[in-house]
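In this text the structure is predicted, and so the values were computed from the model without any measurement. Sequential numbering from 1 along the given sequence is applied to the chain's residues.
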Amino acid sequence: MRFTVYPLLVMAGSILGGGNLSANAEAKRPPVPTHIPFEVTTDGAHEKHELLLDSAFDLKDGQMRWIRPTGIRCSFARIVELKASCDDWSDEFRIEIRFECLGPEDPVRRFCLETRALDQDGKLLAHDWQVESDGRIGPAEIQLGSHTFVRSRYNSPFNKLSRARLSRVEKLDIRLIEYPRGTPRHFPSGRHQLDLAVSRSNKCGDFELTFANPIGWNLGPPKHQIAFQVFVRDANGKHVRADRRFLMYRADGDYRQSVRVEPKYYESTEISVTVFTRQPDNDKFIRDFFYGGSSGYSGCWTGDGGRLVELPIKGAPLFSDLPEMAAVPASSSASR
C-alpha cells in the first residue's frame, strides 16, 4: 500500500498563493450553485444500488456545509463522514468521504468512490473516481525519518470536479463500489500524467492510443521529443514483440497512435510513453534509449505507462449506465 505525506509548507504556500489572485481572475471564476442535491448509493458483492443517503450540500462562506451521516452502513463499509468544498480561490469542487471497510481483510479487495455531476436532463457534466484498497491492511504506524505517523484505519478517497462544469449541475450521483477481484478493467487506480486512454479494439486487435502533453511542463516542440513503446507479452509475461516509435513533440498536445495487439495478448501488453529533451548526439541517444538504456544523458524527463487493460477507454463509459456527456463550454473535468 502506498502512503503520501504532504509537506505542510507546500500546502500553506498553495493556500497563500491562491489568496493573492487578482480581481480579474476572481471575476472570471464561475459561480458554484449554493444548493446541490445528492444521493449516495452503494454497489457491493452481495447487494446492488442500495440508497444510503439522500440529502444536499449547501454553500456557506465559500465552503460546503459538512454532512455527518450517523450509523450509515452497507454490507462492505460504514460511512463515517461526507463533505464537499469549493473555496473562492479554487477551480475545483471536491467531494470527500471517510469510511471503514467491513468484512474480510483481503488485500485484493478494491473500493471505488465515483461522483457524477448531472444536469436537469440527467446528462453528464463532470465525472471523477478513485480506487483504493482496504484501509485496515498495513502497519498501524509509519516511520518516516525521525517522525512516526499513526495511520488511520479509515479510507478517505476524494473526487475532484471542474468548477466550470458545475454551473448547470442539478444533482450529484455519488457511488461507493466494492470490487472484490481487484481493480476493474479499464479503470485506472491513479491519475495518468499524460492522460493516457485507448479506443475499443476491433476483432483484429486494431485500436488507437491517445495522450497529451504533461500538465504544468513548459516544453517546446523543437527541443523535446517522445519515445512511444508497446511491449507485447503473453499471459506468462514472455516477450513476444515490441513496437517502438520516435515522435516529434507537439505544442497542441494531441497525440494519437494506431496500434495493433492480437486479442490473446491484449491483457498482458504494456504501454510506455516518455517525454525527453533532445541530446547533443540525438541519434545515438535514440538507439541507446530504445535498445541499450539511457544512462549518461541529461534533460527534462517525464513519462507515463501501464497495462492496456488498466487504461480508460476514450469515448466510452466506464460503466454501462453512465449517462452521455452534455455539451458544456468548459475544459474537461479531472479524471484519474
Side-chain angles (χ1 to χ4, degrees), residues 1-6 36-57 64-85 93-118 127-143 148-161 171-191 309-310 312 317-322 334-336:
M1 183 179 291
R2 235 181 334 181
F3 303 95
T4 305
V5 178
Y6 297 96
I36 306 179
F38 69 84
E39 284 186 356
V40 178
T41 56
T42 60
D43 286 332
H46 305 293
E47 56 191 24
K48 297 293 181 183
H49 297 296
E50 179 186 2
L51 177 63
L52 287 190
L53 199 57
D54 185 359
S55 188
F57 291 123
M64 288 296 180
R65 191 175 59 197
W66 287 35
I67 307 294
R68 299 180 181 272
T70 338
I72 303 293
R73 68 170 61 212
C74 59
S75 63
F76 62 88
R78 179 177 70 88
I79 296 179
V80 178
E81 214 161 55
L82 176 66
K83 64 178 180 177
S85 61
F93 181 88
R94 179 166 167 147
I95 304 287
E96 297 182 66
I97 192 170
R98 294 180 69 219
F99 67 92
E100 180 183 17
C101 299
L102 303 177
E105 298 183 6
D106 189 341
V108 304
R109 294 176 77 195
R110 294 293 182 269
F111 304 90
C112 171
L113 173 68
E114 181 204 4
T115 301
R116 317 172 190 202
L118 308 177
H127 178 226
D128 197 19
W129 66 90
Q130 184 167 328
V131 179
E132 291 193 346
S133 55
D134 192 337
R136 301 170 298 174
I137 299 176
E141 296 182 345
I142 306 164
Q143 298 291 334
T148 300
F149 291 85
V150 179
R151 187 179 66 85
S152 169
R153 290 170 59 88
Y154 294 133
N155 284 49
S156 303
F158 60 87
N159 291 164
K160 294 188 292 185
L161 306 175
K171 181 182 178 181
L172 292 176
D173 178 9
I174 303 171
R175 302 189 182 191
L176 187 59
I177 307 164
E178 177 190 14
Y179 291 100
R181 296 182 182 85
T183 304
R185 292 172 58 91
H186 303 291
F187 205 109
S189 57
R191 182 185 302 277
V309 74
E310 294 175 351
L318 294 170
F319 295 96
S320 58
D321 61 341
L322 187 67
S335 61
R336 252 187 294 279

>> With rounding to the nearest 0.5 angstrom, report the CG to CZ distance, Leu82 to Phe57.
In response: 4.0 Å

> Taking only residues two or more places apart in sequence, or in another chain, which ones meet Glu100 in a side-chain hydrogen bond (donor to acceptor under 3.5 Å, both in side chains)?
Replying inline: Arg78

>> I'd like to know whether Val40 forms a side-chain contact (heavy atoms from CB on, under 4.5 Å) with Ile79, so could you lay out the CA-CA distance, the side-chain angles of the two residues, the decisive distance to 0.1 Å, and finally the verdict.
In response: CA-CA 10 Å; Val40 178; Ile79 296 179; 4.1 Å; yes

> Knowing that exactly one of Leu172, Asp128, Asp173 qualifies, which makes a side chain to side chain contact (heavy atoms under 4.5 Å, CB included) with Thr115?
Replying inline: Leu172

> With side chains defined as the heavy atoms from C-beta onward, is the minimum distance between Pro107 and Asp134 less than 4.5 Å?
Replying inline: no

> Hey, are the side chains of Phe111 and Thr42 touching, using non-hydrogen atoms and a 4.5 Å cut-off?
Replying inline: no

> Are side-chain heavy atoms of Phe99 and Ile72 found at a separation under 4.5 Å?
Replying inline: no

>> Just verifying a value: how many Å separate Asp106 CG and Cys101 SG, rounded to the nearest 0.5 Å?
In response: 11.0 Å

> Does a side-chain N-to-carboxylate-O contact under 4.0 Å join Arg116 and Glu114?
Replying inline: yes

> Which heavy atom of Arg109 sits nearest a heavy atom of Gly103, and at what distance?
Replying inline: NH1-C, 3.8 Å

> Between Glu105 and Ile137, which heavy-atom pair has the shortest distance, and what is it?
Replying inline: C-CD1, 3.7 Å

> Which pair of heavy atoms, one from Pro157 and one from Gln130, lies closest together, and at what distance?
Replying inline: CA-NE2, 3.9 Å

>> Going by side chain to side chain contact (heavy atoms under 4.5 Å, CB included), name the residues that satisfy it together with Arg94, two or more places apart in sequence or in a different chain.
In response: Ser85, Glu96, Phe158

> Got a second to check how far Ile95's CD1 is from Leu113's CG, nearest 0.5 Å?
Replying inline: 8.5 Å

> What is the minimum heavy-atom distance between Asn155 and Glu132, and which atoms define it?
Replying inline: ND2-OE1, 3.0 Å

>> Measuring from atom CZ of Phe76 to atom CG of Asp43, what distance do you get when rounded to the nearest 0.5 angstrom?
In response: 7.5 Å

> Can you name the nearest heavy-atom pair linking Leu52 to Cys74, along with the distance?
Replying inline: CD1-CB, 4.3 Å

> Atom CD in Glu178, atom OG in Ser75: separation rounded to 0.5 Å?
Replying inline: 6.5 Å

> Passes side-chain contact (heavy atoms from CB on, under 4.5 Å), Arg110 versus Ser133? Steps please.
Replying inline: CA-CA 5 Å; Arg110 294 293 182 269; Ser133 55; 3.5 Å; yes

